[in-house]
2 protein chains.
Amino acid sequence: MRTKTTKAQNDRGEALGTRERVVRAASRLMQRQGYDGTGIKQIAQEADATLGSVYHFFPGGKQELAVAAVRHGDEEFAGILREVLHAEPDPARALVACCRLLAEGLRTSDWADGCPVTATALGTAGRAPDIQRAAAEAFARWRSLVAEALRAAGIAETDAAELAHTVISTLEGAELAAQVSRSEEPLRIAGQHLARLADSYRPR
Amino acid sequence: MRTKTTKAQNDRGEALGTRERVVRAASRLMQRQGYDGTGIKQIAQEADATLGSVYHFFPGGKQELAVAAVRHGDEEFAGILREVLHAEPDPARALVACCRLLAEGLRTSDWADGCPVTATALGTAGRAPDIQRAAAEAFARWRSLVAEALRAAGIAETDAAELAHTVISTLEGAELAAQVSRSEEPLRIAGQHLARLADSYRPR
DNA sequence: GTCTATACCCCGATAGAC
DNA sequence: GTCTATCGGGGTATAGAC
């Protein structure tokens, strides 16, 4: 047989390299428990790697690992956004679908899996510039994906850019509120209001 | 003289009791550093108290202290909301003012002081039911304050309740985005969009 | 690249004098 | 109510064999 372990595999069925497994484990654990709440030993264990391997790939230690974890979360959510925005040409409907998707992810994980970068970013604010920069880049990327879709739907350049800000802010806040309240309500309602807001800028 | 120390005083100039000083220090530190990032010894030091005093008032340890800290943050933000909503009868203008106030607090603290409950709640999600409940109650209280103001401005009962959800979600998310990006933009824009959304539900 | 052992530090919590 | 001393455990990070 070509693979000799039970380690995680990617979506093509290939075995994942050690570095990739470590980054994924770090991203998931920090998403759920925050930066300070997640230990390097726990990450190594979850990734089926040894402490030595972790420091081999991330000589900068926990901070360097957190930067990679945030970038991984960045791409993860960017993928979801791209998928939802391309499947539905009407951005208002796409935003409703996005909220539904986030709510589903929250519910099926028993309200554990919120935004993949928020907890890490918030727990290191003001004391780890590298992590903070990676988080800021993630937010900016998500905004530009949303802005592009809004422009494609005929919304004016400036309006689209500003709307994208509020779309990301509201998605973040509603996911947070849903997680804290253990309820899908905040996300369901946010989807409706974002759709209404976006429609109010559509040309007629 | 009536007070013999340099300890913190309340707004009437009276010296604060030990318990109150500890709660305030815990609230501020956890707001900035999260639950796991804040040590009990650090809290005691910041509050001019000893470790023994902290455990005297909070025999339940760090978790019990965190619950008190979240409740303190709850009242802190509720006070801001009440002030802004009562100073300006038009809720749309009040929301803009609220965003301006949050942005100012963030900027003047060098982007350290975000929402007083978010970091604590997020860092303990799913493993400290008491803290989570206190955070959920805070969100619910803030929502009901906003809903009341919206109803007073003539917005229908159901619309007001749903709008209040999105107002709190968006305020939370925009404050988070502003903190991560170290920019007032997300809050400035959120204020405009929330005002537009609220106006769209006003009777004419 | 992978693994084990360990140095060193700080954590939450407790005990008991005052 | 306040204070100091300390326990037991877990944290990050490193050293060095393989």
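Quick note on labels: first sequence line is chain A, next is B, and so on, each numbered from 1.
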Nearest-Å distance for atom pair CG/C1', residues A/Asp48 and C/dT2: 13 Å
Phosphate OP1/OP2 of C/dG1: any A/Ser53 side-chain N/O under 4.0 Å: no
Rounded interatomic separation in angstrom, taking CG from B/Leu65 and C1' from C/dC11: 15 Å
For atom CD of A/Gln45 and atom P of D/dG10, their distance in whole Å: 12 Å
Distance below 4.0 Å between B/Thr18 side-chain N/O and D/dG1 OP1 or OP2: no
Protein-nucleotide distance (B/Phe58, atom CZ; D/dG1, atom P), rounded to Å: 12 Å
Residue that, paired with A/Glu76, satisfies side-chain hydrogen bond (donor to acceptor under 3.5 Å, both in side chains) out of A/Arg71, A/Arg24, A/Arg28: A/Arg28
Length of the CZ-C1' vector between B/Phe57 and C/dT14, whole Å: 18 Å
Cationic N near anionic O, under 4.0 Å, A/Asp48 to A/Arg21: no
N/O donor-acceptor pair under 3.5 Å between A/Ser144 side chain and A/Arg141 backbone: yes
Distance-only donor-acceptor check, side chains A/Gln132 and A/Thr124, under 3.5 Å: no
Pi-cation contact, A/Tyr201 with B/Arg196 (under 6.0 Å, within 45°): yes
Heavy-atom donor-acceptor pair, B/Thr170 side chain to B/Val167 backbone, under 3.5 Å: no
Heavy-atom protein contacts under 4.0 Å, nucleotides 11-18 of chain D, coded B base, S sugar-phosphate only, - none: BBBB----
